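This report concerns only the one structure given below.
What you see is a predicted model; the values in this text were computed from it and never measured.
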Amino acid sequence: MESTKPAKDFVYIDVDAVNNKTNSIDKPKFILKTNAPSRATRKLHKNDILFSMVRPYLRNIALVPEEYANAIASTGFYVITSLNALFPKYIFLLMLSSYVVDGLNSFMKGENSPSINNCHIEDFLYPLPPLTEQHRIVAKVEELLPFVENYACAQNKLNKLNTEINDKLKKSILQEAIQGRLVPQIAEEGTVQELFEQIKQEKARLVKEGKLKKSVLSDSNIFRGDDNKYWEKLGKEIHCIDDEIPFEIPASWQWVRIKDIFQINPKNVAEDNCISAFIPMQKICATYGSEFYYDEVQWKTIKTGYTHFADGDVAFAKITPCFQNRKSVIFIGLPNGIGAGTTELKVMRPYGETINRWYLLYFLKSPYFIDEAQFKGTANQQRIITGYLENKLFPLPPKFEQDRIVQRIKQLASIMSR
């Protein structure tokens, strides 16, 4: 059965029909005259030049091919028909040039629909060589254009490769650091057991002062048995955790649970009129360093409904994609040493000076911590599962080695800051 649809009367070319990367007409509309925009009456000819006068289509410029002769152009175009003394392809290349596009762009006016007008185009100064030279210029451009395109393609691949390599280098450096491969071990620097003792003493002091619950004193003990397997002792219970160990660490290091060596999401106590820092998620930078900004507010305005932190605390975003983008920081220089902010943060506070904050921060940015995270929630808002941070195994080196690791990473700043 034959189609009963009416034939289309003409081709209509709107400003978005032109591809601003290839400068070709990719999406013309085939419509009835009765459906055409009332002001669109300009009929095109072969080799006319379409120059868009409205944003965001300013670079939508095209040379009309024969197949679109007799098409109707949108009033958003300035249509240039070349005279006999002009070579259309030269005028087309001229209108594509930065000199013309940027020059005309400087006249752009309007807020809701910024645009240029006919006078801007007509009063602009254009360099016009003799007709024979116009042909030679076009021939030379067409000769060189494949090389330019090949160069652009190669440059894009190189830029992509550099970005990927830089990212992989950063991740590799941090992974090597937390596996004990970035600096050598020095026996005279002390042991992890000394750190544990300092942590226990600090916990006991805070419990005695009523600042922590007694339950924080119930630490697990992870050790390697005579069978060369890893075991964890908690109270009187002992069980094998060999399948949890992600990689080998130096003999002078020890695996610990994060909840045993850090306070998680501690609370601040301050006067209501105390000036403090307010930090929403957008003021925490996604980098391999520690960058953040804050607004100064009275403590009473943020002490409830927000996550607390203080100078020396280390925090990271627990929500996607901020988590994967490594939005994590060391808070320092806060007004009166305290602040509060987005509830999408997990905050960690070392016990005393047992853990180098930068070592902890680099751990939080490492592939081991980022890539193994598990999430829960909707596709648009996923958060790390409850217990992921608290139960995560943390590779703990002696304090002096932590300091040397941090120093070594910072020596590689030319890589880490890219």
Side-chain angles (χ1 to χ4, degrees), residues 8-31 33 36-37 39-108 113-153 155-156:
K8 302 298 183 282
D9 285 336
F10 66 88
V11 177
Y12 174 67
I13 300 175
D14 208 344
V15 286
D16 63 354
V18 175
N19 186 322
N20 62 13
K21 292 183 173 61
T22 62
N23 296 106
S24 58
I25 301 171
D26 287 356
K27 298 180 292 183
K29 297 176 183 177
F30 299 87
I31 60 178
K33 284 184 179 177
R39 293 189 300 156
T41 59
R42 177 66 183 267
K43 184 177 287 189
L44 299 175
H45 306 88
K46 179 185 176 182
N47 288 332
D48 278 353
I49 296 159
L50 301 176
F51 190 95
S52 173
M53 299 188 292
V54 295
R55 276 184 178 169
Y57 308 106
L58 187 64
R59 290 186 180 273
N60 289 32
I61 305 167
L63 185 67
V64 176
E66 187 171 9
E67 63 181 299
Y68 295 127
N70 298 317
I72 301 298
S74 163
T75 55
F77 287 117
Y78 186 92
V79 181
I80 302 170
T81 299
S82 300
L83 302 176
N84 292 336
L86 301 175
F87 185 32
K89 284 190 176 181
Y90 170 79
I91 302 302
F92 171 60
L93 293 176
L94 176 61
M95 300 306 291
L96 274 176
S97 69
S98 297
Y99 165 71
V100 172
V101 172
D102 295 343
L104 292 175
N105 186 38
S106 66
F107 298 114
M108 190 72 67
S113 299
S115 62
I116 56 176
N117 59 43
N118 291 5
C119 291
H120 293 137
I121 295 175
E122 292 166 2
D123 293 341
F124 197 75
L125 291 175
Y126 301 92
L128 186 63
L131 181 60
T132 54
E133 190 168 348
Q134 294 176 35
H135 281 269
R136 287 192 290 112
I137 290 172
V138 170
K140 194 63 178 180
V141 169
E142 290 179 343
E143 177 188 341
L144 296 176
L145 200 56
F147 296 99
V148 174
E149 291 173 349
N150 289 339
Y151 173 80
C153 182
Q155 186 63 48
N156 289 337

Tell me which donor-acceptor pairs under 3.5 Å the side chains of residues 117-124 have, and how far apart each pair is, sequence neighbours excluded?
residue	atom	partner	partner atom	Å
N117	OD1	C119	N	3.0
N117	OD1	H120	N	3.1
N117	OD1	H120	ND1	3.3
H120	ND1	N117	N	3.0
E122	OE2	Y78	OH	2.9

Side-chain donor-acceptor pairs of residues 97-105 under 3.5 Å, sequence neighbours excluded:
residue	atom	partner	partner atom	Å
S97	OG	L94	O	2.6
S97	OG	V100	N	3.4
Y99	OH	L125	O	2.6
D102	OD1	R59	NH2	3.3
N105	OD1	R55	NH2	3.0

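Remark: L50 CG to I13 CD1 distance equals 6.0 Å, nearest 0.5 Å. Separation of atoms CZ (F51) and CG (L96) is listed at 8.5 Å; rounding is to 0.5 Å. If you take CG on D48 and CD1 on I91, they are separated by 12.5 Å, rounding to the nearest 0.5 Å. One distance of note links CD1 of I72 with OH of Y12; it measures 10.0 Å at 0.5 Å rounding. Summarising the geometry, atom CG belonging to L93 is positioned 9.0 Å from atom CD1 belonging to I137; distances are rounded to the nearest 0.5 Å. Atom CE in M53 sits 13.0 Å away from atom CG in N60 (nearest 0.5 Å).
Side-chain contact check for S24 and N19: no donor-acceptor pair (N or O, by modelled atom type) lies under 3.5 Å.
Here the closest non-hydrogen pair linking E142 and P146 is O-CD, 3.2 Å. Residues D16 and K27 share a closest heavy-atom pair of O-CE, 3.2 Å. The shortest heavy-atom contact between L131 and A85 is CD1-O, 3.6 Å. The nearest pair of heavy atoms linking P65 to I25 is CD-CD1, 4.1 Å. Here the closest heavy-atom approach between residue K29 and residue D14 is recorded as NZ-OD2, 3.9 Å. P28 approaches V11 most closely through the heavy-atom pair CB-CG1, 3.7 Å.
Residues passing the side chain to side chain donor-acceptor pair (under 3.5 Å) test with R136: none are found, sequence neighbours excluded.
Between N47 and S82, the closest side-chain pair of non-hydrogen atoms is not below 4.5 Å.
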For this session: Kindly determine whether L44 and Y68 satisfy side chain to side chain contact (heavy atoms under 4.5 Å, CB included), including the steps that lead there.
Result: CA-CA 7 Å; L44 299 175; Y68 295 127; 5.6 Å; no

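Side chain of Q134 to backbone of Y90: no donor-acceptor contact under 3.5 angstrom is found.
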